[in-house]
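Reviewing the structure listed below.
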Number of protein chains: 2
Amino acid sequence: MGASIHEVARHAGVSTATVSRAMRGLPNVSPQTRQRVARAAAELGYVVTHSASVLATGRTRTVAVVAPYLTRWFFAQVIDAAGETLADNDYGVLLYNVACAESRARFFERMPLRTRVDAVMLVSLRLSDDETRALRKLGIPVALVGVASEAFPSVRVDDADGAALAVRHLVDLGHRRIAMVAGVGEAATAVPAPADRRRGYLEVLRGAGIAVDPSLDVSAAATFDGGVEAMSRLLARRVPPTAVFAESDEMALGVMRAVRRAGLRVPDDVSVVGFDDHDLADLMDLTTVAQPAQEQGALAASLLLDALETGAGPPADLVLPTRLVPRRSTAPPRGSAPLGRRDAPPLTRAVAGPRTAC
Amino acid sequence: MGASIHEVARHAGVSTATVSRAMRGLPNVSPQTRQRVARAAAELGYVVTHSASVLATGRTRTVAVVAPYLTRWFFAQVIDAAGETLADNDYGVLLYNVACAESRARFFERMPLRTRVDAVMLVSLRLSDDETRALRKLGIPVALVGVASEAFPSVRVDDADGAALAVRHLVDLGHRRIAMVAGVGEAATAVPAPADRRRGYLEVLRGAGIAVDPSLDVSAAATFDGGVEAMSRLLARRVPPTAVFAESDEMALGVMRAVRRAGLRVPDDVSVVGFDDHDLADLMDLTTVAQPAQEQGALAASLLLDALETGAGPPADLVLPTRLVPRRSTAPPRGSAPLGRRDAPPLTRAVAGPRTAC
DNA sequence: TTGTACGCGTTATCAA
DNA sequence: TTGATAACGCGTACAA
């Protein structure tokens, strides 16, 4: 389409090599030459052909972002923030969605990103050995968000710890019949959060000497509706739980909804805790465990940029903090001794960690 | 890195041309030759180098998707569906976020996608003349989602019509003091929906002979919190509205929240209608105007694929239907004549237009 | 059906 | 500081 480097060279009365140097701001070009080249390029509307540059340098200035969902809160936040950091450094984002087991298998088999990107970032995907191998074989930097791994650097929160925060809060309020609502995806093993958060849930129960009732541990789609469905099942039991820990705020909102639709009240009849600190959590007075989603995306992007610009640093496993954000969806169980009321939820308002740029 | 086409050729005892033909499934290759090439490629782990292929053919098999938000419901739906359609056809998605006026200006000026993609899809961006020109100059197919344009094919709904559906519903219920809650973004002119929906709002009011009160038309951030803020302002008036049309479900949920926080009830004291049919709308019993978001993304992607594979078809302007989904957030105004109750909201449950694949 | 040889547009090496 | 030229790896006329 546009002019090529040769025409610019001719136009400016220099060689193509000089044009290339001038265009990229390399040092060894005299100011006047640089000027002439710049003018010629502008006049001809010259633009470096990306593929030619890639072919010659071996660098694509592109990062692949691989995620099982785009529409769920956590994933959108991570991808958004990562994209911003990358764009700020003149890297493009090639987006891959591996929602279902089938597309995921196809992705790791064909590796469509091969020869197309300089680095890969995977969001909340627990990798099989084969997948890990396939990624390793790419020979480019890889970073994970939301999962620990011995193979690659990662940025995440401690999901078990976070869940423990939530469940301990419920135990401290006096609850003993505490349910867990977890999400199941297309591929059950795709996303690690549910299992890790369940681990935290179980640990706290055991630590508190509470007998674990497996029938209080229910799974459904990781959506609002899934939360409704799961809670409906719990409410259908002869003895429903007095509190619920939902693995995500999205599900927690569904849980709250189901409670209210059953004519019960939150937190009077059922306490609910979520995970994420979704934008809606504050609005809906949902007690939750906040995790810094944007930060995780931005940080993972930085990790990759560092590896690309300066050769890999130490293969970090950055664990960002979670924190309990008590709101009005949790309270002592009905009929608990008044002394249970020792700490009324202080109604802390979460500081919204505003989007960094713009 | 990996083996090149030459090594595969040598390994298979054929020429590079034959390897190229065999790898791409072109017709003129004998079955045995094809076999030999395939085996050689597999043994050497050969993969076509993308940039070299692009340089030789001029085709990138990549589409740029440009959007001002990733995290808002409509945008996530559109991008998700478009990405799926493109991936199914072996196209990659290069994602560009132009959230703020600054990044938008930089994007259209530098056009970082130039020479990197075969086509461009823009989501809910009203293009200036300069931006249109810049896109035209790329000389590649362009498609718009959520906006009409004389310059490029588009897929959208009629926002004014949709809004009219909502407001007429309120008027039919007997409301006359109807507020509008609209979103404002970083760049006020970035997204066209607010203005178009406002137009529908005003038209219905005028058509019904209702005097338009400009102070009932409030704007805030296009988020849950923005909805809360806008409604709080409306409730602070000496005479608050009896009904609110919010430009998006996200804002509508905030509006509902503000109403309830003020000790009022939905719909008894205030009716609320949204726009989108967000996953949460059903859950929250929010009456809304449904628009097919996934379909718009998928359709726009198909448009681009058609243009790429078969040369541009007619520059379509595909307008998909909206429909009112009455739920429990709307009712006749308090104190209205009983006959106003003529049609109790039938509680239609929206059919969720399930994600097509997987 | 297969092979030869050139072009795609840059960058990098080396010599001047 | 600048220029000539050889890669980079593939696709494709054209010839066989």
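Just so it is clear: chains get the letters A, B, ... in the order the sequence lines come, proteins before strands, and each one is counted from 1.
We find that CZ of A:R114 is positioned 13 Å from P of D:dC10, with the value rounded to whole Å. Atom CD of A:Q32 is separated from atom C1' of D:dT2 by 13 Å (rounded to the nearest Å). Atom-to-atom, CZ of A:R10 to P of D:dA4 comes out at 14 Å; the value is rounded to the nearest Å. In this entry the distance linking CZ of A:R21 with P of C:dT13 reads 12 Å, nearest Å. The CG atom of B:L26 sits 10 Å away from the C1' atom of D:dG11 (whole-angstrom rounding). Between the NE2 atom of A:H6 and the P atom of C:dT11 there is a distance of 11 Å, rounded to whole Å. Computed from coordinates, the B:H50 NE2 to C:dG9 P distance equals 17 Å when rounded to whole Å. In this structure, A:M23 places its CE atom 16 Å from P of D:dT2, rounding to the nearest Å.
OP1 or OP2 of D:dG11 sits under 4.0 Å from a side-chain N or O of B:S53. For D:dT1, the OP1/OP2 oxygens have no side-chain nitrogen or oxygen of A:T18 closer than 4.0 Å. Within the 4.0 Å cut-off from OP1 or OP2 of D:dT12, at least one side-chain nitrogen or oxygen of B:R24 is found. Phosphate proximity of D:dT2 to A:S15: absent, as no side-chain N or O sits under 4.0 Å from OP1 or OP2.
Nearest heavy atom pair, residue B:R126 against residue B:P192, reads NH2-CB, 3.2 Å. When every heavy atom of B:D118 is checked against every heavy atom of B:L308, the shortest pair comes out as O-CD2, 3.4 Å.
Across all strands, B:T33 comes closer than 4.0 Å only to sugar-phosphate atoms, never to a base (heavy-atom distances). No contact: A:V54 has no heavy atom under 4.0 Å from any strand. Within 4.0 Å of B:S20, counting heavy atoms only, lies at least one base atom of the nucleic acid. As judged by a 4.0 angstrom heavy-atom cut-off over every strand, A:V47 is placed among residues touching the sugar-phosphate backbone only. No contact: A:V19 has no heavy atom under 4.0 Å from any strand.
Judged by closest nucleotide on DNA chain C, B:A17 is the one of B:A17 and B:A52 placed further toward the 5' end. Where B:N28 and B:L55 meet DNA chain C, the nucleotide closest to each residue was compared, and B:N28 sits on the side nearer the 5' end.
Minimum atom distance to the side chain of B:T16 is reached by C:dA5, of the listed C:dC8, C:dA12, C:dA5. Comparing D:dT2, D:dC10, C:dT11 by their closest approach to the side chain of A:S30 singles out D:dT2. The side chain of B:S4 lies closest to D:dG9, out of D:dG11, D:dG9, C:dT13. Checking C:dG7, C:dT2, C:dT10 against every side-chain atom of A:I5, the shortest atom distance belongs to C:dT10.
In this structure, the side chains of B:L70 and A:I79 come closer than 4.5 Å at one or more pairs of heavy atoms. When side chains are defined from C-beta on, B:L125 counts as touching B:R104, because their heavy atoms get closer than 4.5 Å. Annotation: side chain of A:L144 is not in contact with side chain of A:V155 (no heavy-atom distance under 4.5 Å).
For the pair A:R72 and A:F75, the cation does not sit on the ring face, since its NZ or CZ is not both under 6.0 Å from the ring centre and inside 45° of the axis.
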